[in-house]
Amino acid sequence: MSEPLPLAPVPEDPLVVHPLLEERRTDARLGEALLRPVLTTPGPGWWALVGLCAALTVLLIVAITVTLVTGVGTWGNNIPVAWAFGIINFVWWIGIGHAGTLISAILLLFGMKWRSSVNRMAEAMTLFALTCAALFPLLHLGRPWKFYYLFPYPSSLRMWPQFRSPLTWDVVAVTTYLTVSVLFWYLGMLPDLATARDTARQSWRRRVWGLLSLGWRGSARHWRHWRTGYLLLAGLATPLVVSVHTIVSFDFAVSQLPGWHSTVFPPYFVAGAIFSGLAMVLSLLVPARRALQLHAVVTDAHLDALARLLLVSGLFVAYGYVQEHFFGWYSGDPYEMHAMSILRTGPYAPAFWLVFTCNVLVPQLFWSARLRTMPVVLWCAALLVNVGMWMERFIIIVSPLSEDFLPSSWRHYAPTWVDLSLLSGTLGLFGLGFLLFLRFLPPVPISEVKALQHELAASEAFARAVSAREGGGR
Amino acid sequence: MSRWVLGEFGAPDRLVAAARALRTRGFRRMDAHSPFPVEEVDAVLDLPPSRLPLIALIAGVGGAVGAYVVQWFTQAVDWPLNVGGRPLHSGPAFIPITFESGVLAAASAIFMGVIGACGLPRVTHPFLRLEAFRSASIDGFWIAIEVEEARRDEVEGALRELGANVVLAVEEVP
């Protein structure tokens with residue numbers, strides 16, 4: 001390293017359209033910029049949103065209290081529609097969680113560098129979405145205070161859970177997913193908690209972050225174990241994402257009901273989960289990027305990549321719709337055909353065509369490179385996809401139940417105010433969790449962005465050196 | 001009682017160069033501290049590979065086997081319950097829970113393993129009392145050498161010679 005590096009221009013990579021980091025900063029400046037949201041006092045916008053979300057959370061508490069005191073009869077469920085909002089919201093929320101793990105685990109395994117700037121927020125989204133999801137099966141139990149019956153514990157009743165039931169599989173899958181997500185998130189955050197501890201000036205902040213960071217000192221030994229552990233957790237989380245929503249789809253697919261009894265369900269559900277999760281990541285990331293001034297680290301490259309993923313997973317979902325309707329027809333079974341036809345032309349047609357518009361047509365916008373980097377378009381499309389995916393869960397669950405084999409037992413479904421309050425209440429709880437996360441924990445992985453910056457600087461220096469040598473040789 | 005001498009080098013490549021130089025001078029009980037992982041330093045410090053994968057494998061297989069045994073014991077042995085004529089020992093139906101429990105056990109073992117292998121939680125480590133060492137998680141690249149009292153001056157001299165921006169000594173108060 002005795003000679004200074006020649007300053008020839010870096011050759012442009014035709015595949016890199018947008019830079020991963022908008023500008024180069026010193027490590028200290030970068031860390032400070034990424035910690036600004038947690039070290040400064042919040043503005044009125046943050047308080048207004050917290051107020052709104054807190055109000056919705058109060059509504060959630062009211063709805064839960066009504067459910068617990070009076071019973072599940074306060075919901076709009078009936079016979080035959082014994083599953084409705086409770087399971088719709090569960091499947092929707094848990095699906096949203098999947099994109100967080102996808103971004104943080106699968107992209108880590110594939111060595112995608114752009115994940116570094118967005119994975120923390122995506123993982124936080126996963127945790128809050130899972131918390132909301134876990135509420136619903138619990139409340140749906142009817143007697144939620146006896147939830148521990150679902151675990152195999154040696155009770156004097158000699159009563160074991162029924163392990164051949166997909167609903168018991170759900171319990172294990174969701175518990176595992178929540179635990180692994182928390183561990184993955186927290187382990188990934190340890191170095192940044194130490195950065196926050198060392199940057200903070202007030203002693204109470206230092207103490208709190210000091211305790212949370214467990215005394216992380218960034219020693220070479222720490223990093224070695226941390227990197228191995230983080231990669232291993234990513235490796236475990238990857239099949240977990242696929243397995244959890246597969247198991248959720250088994251709740252339906254192992255039944256005998258037309259419209260549910262389908263082998264396409266596991267991949268179709270996983271694709272839908274990732275699709276809805278990516279939409280939620282975009283719905284949170286686009287405003288957060290603007291509010292927290294993260295344009296330097298969450299660049300057009302990130303929006304572009306997320307939009308491409310949204311398009312791809314949207315195509316998977318569209319393929320799922322085609323398969324579902326094709327097999328409904330190809331089975332030749334009149335009940336299956338009926339289950340599909342009531343979607344296209346029957347009482348659920350408006351919902352189905354809304355789903356089709358939001359989930360199949362809207363993502364097609366992102367064939368256009370210009371639209372992929374327009375935050376407003378992305379945000380609106382993401383919100384529409386969220387609505388579409390919720391409606392998709394609605395028609396999957398409610399329509400086969402309400403019109404099954406015997407027309408004499410058909411009955412349609414309408415939600416009550418308790419159902420609607422539970423849904424909007426969990427939206428509030430989710431928003432509240434995310435807003436508090438943005439305030440109290442580093443929202444962007446600082447150590448990873450610093451490492452990325454050094455890596456990019458090193459590869460640019462290398463490219464410059466190579467081009468200088470080639471230029472000199474000619 | 002342990003004593004350390006710490007030096008700060010300002011950039012990852014300088015940290016690696018200094019670590020290499022110290023190693024050729026015969027210093028062995030060294031560690032590096034940086035705000036993000038510096039890969040080359042692992043080789044210089046001659047760190048052994050992490051044993052976490054083995055721990056994860058053992059825990060994962062153990063968790064999976066345990067879950068399968070619990071399901072088989074409860075459904076087929078302790079309380080046989082005929083549900084729709086399905087076999088009591090229904091292997092395929094036991095797979096989802098077996099897989100999930102294996103993952104849960106492995107993930108918990110990895111997390112505990114990282115915490116344990118790093119010697120955490122330790123919020124009262126002597127280094128954390130040093131105001132200047134705060135930069136280790138921001139933009140400081142530190143080398144820490146564990147020394148006896150007699151060699152302290154020699155090590156401090158070596159660090160200054162190698163161009164350390166800051167040289168500090170710290171000892172553990174029992």
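Protein chains get the first letters and strands the later ones, always in sequence-line order, with residue 1 at the start of each.
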Could you check whether any side-chain heavy atom of [X] comes within less than 4.5 Å of a side-chain heavy atom of [Y], counting everything from C-beta outward?
X      : Y      : answer
B:I138 : A:I446 : no
A:L214 : B:R122 : no
B:L120 : A:H222 : yes
A:Y186 : B:F111 : yes
A:Q162 : B:Q75  : yes
A:W216 : B:S137 : no
B:P53  : A:T228 : yes

Shorter than 4.5 Å, heavy atoms on both sides: which option in [options] has the most such pairs with chain A?
options                       : answer
B:D78, B:V70, B:I115, B:T124  : B:D78
B:R86, B:R51, B:Q71, B:E131   : B:Q71
B:A67, B:G119, B:P121, B:S108 : B:P121

Chain B heavy atoms under 4.5 Å from [X]: which part of the residue, side chain, backbone, both or neither?
X      : value
A:R206 : side chain
A:V244 : both
A:L190 : side chain
A:R197 : both
A:L236 : both
A:P166 : neither

>> Tell me which pairs pass side-chain hydrogen bond (donor to acceptor under 3.5 Å, both in side chains) where either residue lies in residues 2-11 of chain B, with sequence neighbours left out.
In response: B:R3-B:E149, B:R3-B:E171, B:E8-B:N165
[X] versus chain A, the contacting section by heavy-atom distance below 4.5 Å:
X      : answer
B:L45  : side chain
B:P48  : backbone
B:V41  : side chain
B:L128 : side chain
B:I110 : side chain
B:L15  : neither

>> For B:F36 and A:H454, take the angle between the two ring planes, folded into 0 to 90°, and tell me which bin it lands in: parallel under 30, tilted 30 to 60, perpendicular over 60.
In response: tilted
Between atom [atom1] of [X] and atom [atom2] of [Y], what is the distance when rounded to the nearest 0.5 Å?
X      : Y      : atom1 : atom2 : answer
A:L183 : B:M112 : CG    : CE    : 9.5 Å
A:R217 : B:H125 : CZ    : NE2   : 4.0 Å
A:T246 : B:F99  : OG1   : CZ    : 9.5 Å
A:T176 : B:L104 : OG1   : CG    : 4.5 Å
A:D198 : B:S135 : CG    : OG    : 8.5 Å
A:W226 : B:L52  : CH2   : CG    : 13.0 Å

> Which heavy atom in A:R164 sits nearest to a heavy atom in B:P87, and how many Å separate them?
Replying inline: NE-O, 3.3 Å
> Given the options A:A173, A:P191, A:S213, which has more heavy-atom pairs under 4.5 Å with chain B than any of the others?
Replying inline: A:A173
> So which of A:M159, A:R224, A:E32 has the largest heavy-atom pair count under 4.5 angstrom toward chain B?
Replying inline: A:R224
Do [X] side-chain atoms and [Y] backbone N/O form a donor-acceptor pair below 3.5 Å?
X      : Y      : value
A:W223 : B:S34  : yes
A:H225 : B:V114 : no
A:W160 : B:F73  : no

> Hey, is A:R227 close enough to B:E39 for a salt bridge, meaning N to O under 4.0 Å?
Replying inline: yes
>> Which residues in residues 54-63 of chain B have any heavy atom closer than 4.5 Å to a heavy atom of chain A?
In response: B:A56
>> Using side-chain contact (heavy atoms from CB on, under 4.5 Å), reason through B:E100 and A:T175 one step at a time and then give a plain yes or no.
In response: CA-CA 9 Å; B:E100 298 290 329; A:T175 319; over 6 Å; no
> After noting the C-alpha distance and the side-chain angles of A:S219 and B:H33, does the key distance pass the side chain to side chain donor-acceptor pair (under 3.5 Å) rule?
Replying inline: CA-CA 4 Å; A:S219 111; B:H33 298 264; 4.9 Å; no
> Which is it for B:T74 and A:R158 under the side-chain contact (heavy atoms from CB on, under 4.5 Å) test, yes or no, and what are the steps along the way?
Replying inline: CA-CA 10 Å; B:T74 57; A:R158 288 197 69 197; over 6 Å; no
